[in-house]
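Step one of this worksheet: look at the structure below.
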Amino acid sequence: TRTSGASTDGRTAPSGETVEVVFRQDPKVYDGRFANNAWLQELPEPMTKLTWDNSAVVSPATAARLSISTGDVVELGERHRSVRIPALVLPGHADGSVSLYLGYGRRGAEAVARGVGVDVYTLRTSIAPYVATGFTLARTTEHHDLAITQEHWALHGRDMVRRATIGEYRKDPRFTASQNARVLTLYQPYPLDTGDQWAMTVDLSLCTGCSACVVACQAENNIPVVGKSDVLKSREMHWLRIDRYFSGPPEDPDVVAQPMLCQHCEKAPCEYVCPVNATVHSPDGLNEMVYNRCVGTRFCSNNCPYKVRRFNWFDYNAEITETEEMVKNPQVTVRGRGVMEKCSFCVQRIRRSQIEARIENRALGPNEVQTACQQACPTNAIVFGSYTNRESDVAHELEQDRVYAVLHELGTQPRVRYLARITNPNPTLGGEAG
């Protein structure tokens, strides 16, 4: 159905397709009350991976009918109200519907939130506060660059994310076994001491992609906010990212989230190529960064198959105020321009716990050390500890049938292992019976 409407200044809005509009609180800034928090503005939205903006989210089929691509500005209106907002095409979204996130386009005194995104409250009424019909959607000639941190969304047959239905898992509980086998390598293993050996597991069946771990890591490790212009250049600094993948047809795909951080490889490709020995291996299995040695060659980043290293292009902390300095964690170095950085397994927490245990003349508890991401995870998907302590949770997790290593064929032998995602689809909806 095609109708026409009028815009607020009396102009006739272009004809477009009549759609349903769904108003949603933003998963980061809620209804706008948290919009002035730069950490949340730069946090990628869990499904769209959009930062520093909101958008009109539409399905691939709706976008194709209206010749809309991601970033095209569309006019969405009804009677005497309309807004212009960039579109974002998302697989799995309902056809004939547009999702609008609230909380943007603020015009107050907020230094961070002012002017970010589009205010869609002007379309919302008390009669239809959450779902409204009869809106027209039409593409305009304008384009707006969206700072999206993950452009690709398909796995393309790759097995970074292993998954199975409950029926498939019962038939072959060790279906991930091939991704744990040791492969031949030219490099000798590092000599490891007999003490704690740190490792992490991530249960993909529990991870919801909420990104609480990302903000927790940013707060704990003094990770700078780079702003929309640098996110557009792929210069975001998060040490932990949540990769989001779709599989299946674009109109009804399965979705899976995979936290990706430094894998702390036992045979780390980054270490072999650093000309100044800035990235080194610790006796307890950590892949460490010595910031004072780093000269910013970025060889380590080029050689990292997981792409989890970040480079400081600018001195983001050069002109911060005394009040802003109070946000920084004093136990973590504030990095400057030209330094490569990445996940450290919250080494400051490890060393602090070890020092406390030594002062108290006792052994370190099996689950005493928690990383920031683990502490913030609402579903306990992240487990950390020493796998040489057989009483630790991570040691038990590593014995699970569905544990596997990402890109195991490269022989990097990562200390981060994933537990394959197990689903139990409803057979009446086309899934396999459990």
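Taking the six-membered ring where the residue is Trp, Phe34 and Tyr30 present tilted rings, their angle falling between 30° and 60°. Phe135 and Phe23 have perpendicular rings, their planes meeting at more than 60° on a 0 to 90° scale where under 30° would count as parallel.
Ionic pairing of Glu45 and Lys28 is not present here: no N-O contact between side-chain nitrogen and carboxylate oxygen is shorter than 4.0 angstrom. With respect to Glu110 and Arg106, a salt bridge is recorded, a charged nitrogen being found less than 4.0 Å from a carboxylate O. The existence of a salt bridge linking Arg84 and Glu142 is confirmed by a sub-4.0 Å separation between a basic side-chain nitrogen and an acidic carboxylate oxygen.
Taken from SG in Cys270 to CG in Asn287, the straight-line distance is 4.0 Å, to the nearest 0.5 Å. Atom OG of Ser229 is separated from atom CG of Asp145 by 11.5 Å, given to the nearest 0.5 angstrom. The OG1 atom of Thr62 sits 12.0 Å away from the CD atom of Glu251 when rounded to the nearest 0.5 Å.
Relative to the ring axis of Tyr316, Arg335 does not place its NZ or CZ within 45° and under 6.0 Å from the centre.
Residues Thr140 and Val74 fail the side-chain proximity criterion, which asks for heavy atoms closer than 4.5 Å. Residues Arg107 and Asp119 are in side-chain contact: their nearest non-hydrogen atoms beyond the backbone lie under 4.5 Å apart.
In this structure, Arg24 places its CZ atom where only 12 or fewer heavy-atom neighbours from other residues, nucleotides or ligands lie under 6.0 Å away. For Arg351, the CZ atom is densely surrounded, since the number of other residues' heavy atoms within 6.0 Å is greater than 12. Heavy-atom neighbours of Glu319 CD from other residues, nucleotides or ligands within 6.0 Å: at or below the threshold of 12.
Between Thr48 and Arg244, the side chains place no donor N or O within less than 3.5 Å of an acceptor N or O (distance only, hydrogens not considered). For the residue pair Glu236/Thr149, the side-chain donor-acceptor check at 3.5 Å is not satisfied. In this structure, a donor-acceptor pair under 3.5 Å is present between the side chains of Asn329 and Glu220.
Among Arg163, Arg421, Arg402, Arg417, the single residue meeting the salt bridge (charged side-chain N to carboxylate O under 4.0 Å, His left out) criterion with Asp203 is Arg402.
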